[in-house]
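Labels below follow one simple rule: chain letters A, B, ... track the order of the sequence lines, proteins then strands, and each chain is numbered from 1. Keep in mind it's a predicted model, so treat the numbers as computed, not measured.
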Amino acid sequence: MADSVPTELIEEYRQRQRELAHAVIERSLTKAPTVIAAVDVHLRGSWGVAAAVAYTYPSLEEIDHHVATGRLTFPYIPGLLSYREAPLCLKAIRGLAQEPDLILADGQGRAHPRRAGIACHLGVELGLPTIGVAKSILVGRHDPLGEERGSVAPLVADDEVVGMAVRTRTGVTPVYVSVGHLITLDEAVDWTLRTTTRYRLPEPSRRAHRLAQVTARTLPTDAP
DNA sequence: GCGACAG
DNA sequence: ATCTTGTCGC
């Protein structure tokens with residue numbers, strides 16, 4: 001199992017995140033994405049399986065995938081998820097044959113206590129546009145949003161708009177979209193909707209999730 | 001001091 | 001997220 005982290009070190013990791021937040025660039029995409037990737041991690045004991053998948057746009061067909069497996073050393077600590085999952089995610093993404101134009105990460109981007117969620121971490125590390133698409137809120141609040149697909153409501157934390165609650169399917173619980181790197185919030189919302197068809201989450205994200213899950217299932221449960 | 005807390 | 005089967009509902 002992952003070890004605990006000394007409280008004095010926690011603050012060092014937080015400081016690194018504050019620095020990472022300054023490296024994040026929020027600006028319009030330079031190129032219309034034609035290759036969109038998604039990455040997700042499945043946990044199994046102290047092992048993690050990260051799956052990266054690449055899809056074409058607008059046809060939304062899978063063209064590649066890569067899986068990376070490894071032991072998780074860092075524990076799950078709210079706000080410090082990157083240190084636990086990003087290394088494996090980077091390994092999976094770098095295994096793709098072609099560099100994607102946009103990456104969807106499972107978790108927050110700037111909608112983070114220090115504006116440095118895992119999507120920011122991956123984006124800055126790779127120098128590629130990234131979006132955080134989370135299934136629940138880490139920080140911030142938002143007003144109720146319409147029931148129709150496409151309805152949105154700003155996610156506000158510390159009097160700052162850090163993301164957007166987005167209804168990707170009519171009548172379904174919203175997802176929380178935020179900028180990771182090299183994209184604007186409006187574009188992040190737009191591309192999240194463009195890649196979401198029948199379900200709550202974007203197709204590439206769903207595929208990455210299932211691939212990581214089935215791969216992890218073939219691995220033996222570890223010994224404490 | 002008391003909750004909240006991505007995956 | 002994980003540990004886990006069936007079950008209620010569109």
Side-chain angles (χ1 to χ4, degrees), chain A residues 1-2 4-5 7 10-11 13-14 17 20-21 24 38-52 68-93 103-123 130-142 147 149 155-158 162-166 168-181 185 188 192 198-202 205-206 208-224:
Chain A
M1 194 60 75
S4 59
V5 176
T7 51
I10 296 287
E11 190 48 43
Y13 286 110
R14 287 179 175 163
Q17 291 186 318
L20 173 72
V24 171
V39 61
D40 188 42
V41 176
H42 194 85
L43 309 173
R44 191 171 181 74
S46 65
W47 291 83
V49 175
T69 300
R71 206 177 253 291
L72 299 174
T73 55
F74 207 90
Y76 171 69
I77 298 173
L80 299 183
L81 177 67
S82 294
Y83 299 106
R84 178 171 171 79
E85 300 188 351
L88 221 45
C89 288
L90 289 169
K91 193 175 173 185
I93 296 168
I103 299 170
L104 306 177
D106 191 9
Q108 317 292 345
R110 306 207 66 183
H112 177 279
R114 290 163 292 282
R115 312 294 179 263
I118 190 166
C120 299
H121 191 120
L122 297 177
T130 57
I131 299 175
V133 180
K135 295 179 293 301
S136 62
I137 296 173
L138 175 59
V139 292
R141 304 172 41 82
H142 66 83
E147 288 297 316
R149 162 181 160 88
L155 180 62
V156 178
D158 307 315
V162 296
M164 203 76 89
V166 181
T168 53
R169 291 297 289 166
T170 299
V172 168
T173 307
V175 294
Y176 304 92
V177 177
S178 57
V179 169
H181 190 47
L185 180 55
T192 294
R198 304 190 52 196
Y199 303 93
R200 182 187 180 212
L201 296 175
S205 305
R206 283 170 40 79
H209 187 278
R210 292 194 305 266
L211 180 56
Q213 186 171 70
V214 298
T215 303
R217 209 174 41 163
T218 67
L219 300 176
T221 304
D222 64 340

* Treat primed atoms plus P, OP1 and OP2 as sugar-phosphate and everything else as base, then score nucleotides 2-7 of chain B 5' to 3': B for base contact with protein heavy atoms under 4.0 Å, S for sugar-phosphate contact only, - for none. => ---BBB

* To do: For A/R115, check salt bridge (Lys or Arg N to Asp or Glu O under 4.0 Å) against everything at least two apart and list the hits.
  => A/D158, A/E160

* Under 30°, 30 to 60°, or over 60°: which ring-plane class applies to A/H42 and A/H209, parallel, tilted or perpendicular? -> perpendicular

* Asked: Where does the angle between the aromatic ring planes of A/Y176 and A/H142 fall among parallel (under 30°), tilted (30 to 60°) and perpendicular (over 60°)?
  -> tilted

* Can you label the angle between the A/Y83 ring and the A/Y13 ring as parallel, tilted or perpendicular, going by 30° and 60°? => tilted

* **Nucleotide pairing, DNA chain B (Watson-Crick or G-U, distances under 3.5 Å), in dot-bracket with [ ] and |** => .......

* In plain terms, say whether A/K135 and A/D106 are close enough for a salt bridge, that is, a side-chain N and a carboxylate O under 4.0 Å apart. => yes

* Say whether, by atom type as modelled, one donor and one acceptor occur between the side chain of A/R114 and the main chain of A/A21 under 3.5 angstrom. => no

* Asked: Any luck finding a side-chain donor-acceptor pair between A/S46 and A/R71 under 3.5 Å?
  -> yes

* **Steps toward side chain to side chain contact (heavy atoms under 4.5 Å, CB included) verdict (A/R14, A/L80)** => CA-CA 8 Å; A/R14 287 179 175 163; A/L80 299 183; 4.3 Å; yes

* **DNA chain C base-pair string [pairs: Watson-Crick or G-U under 3.5 Å; |: paired with another strand]** => ..........

* Crowding at CZ, A/R210 (>12 non-hydrogen neighbours, <6.0 Å) -> yes

* Asked: Are the side chain of A/R110 and the backbone N or O of A/G163 linked by a donor-acceptor pair below 3.5 Å?
  -> no

* Asked: Who passes side-chain contact (heavy atoms from CB on, under 4.5 Å) against A/T170, sequence neighbours left out?
  -> A/E148, A/R149

* Taking A/T168 for its side chain and A/L201 for its backbone only, find out whether a donor-acceptor pair lies under 3.5 Å. => no

* With the sugar-phosphate defined as primed atoms, P, OP1 and OP2, and the base as all remaining atoms, what B/S/- string results for nucleotides 5-10 of chain C, 5' to 3', for protein heavy atoms under 4.0 Å? -> ------

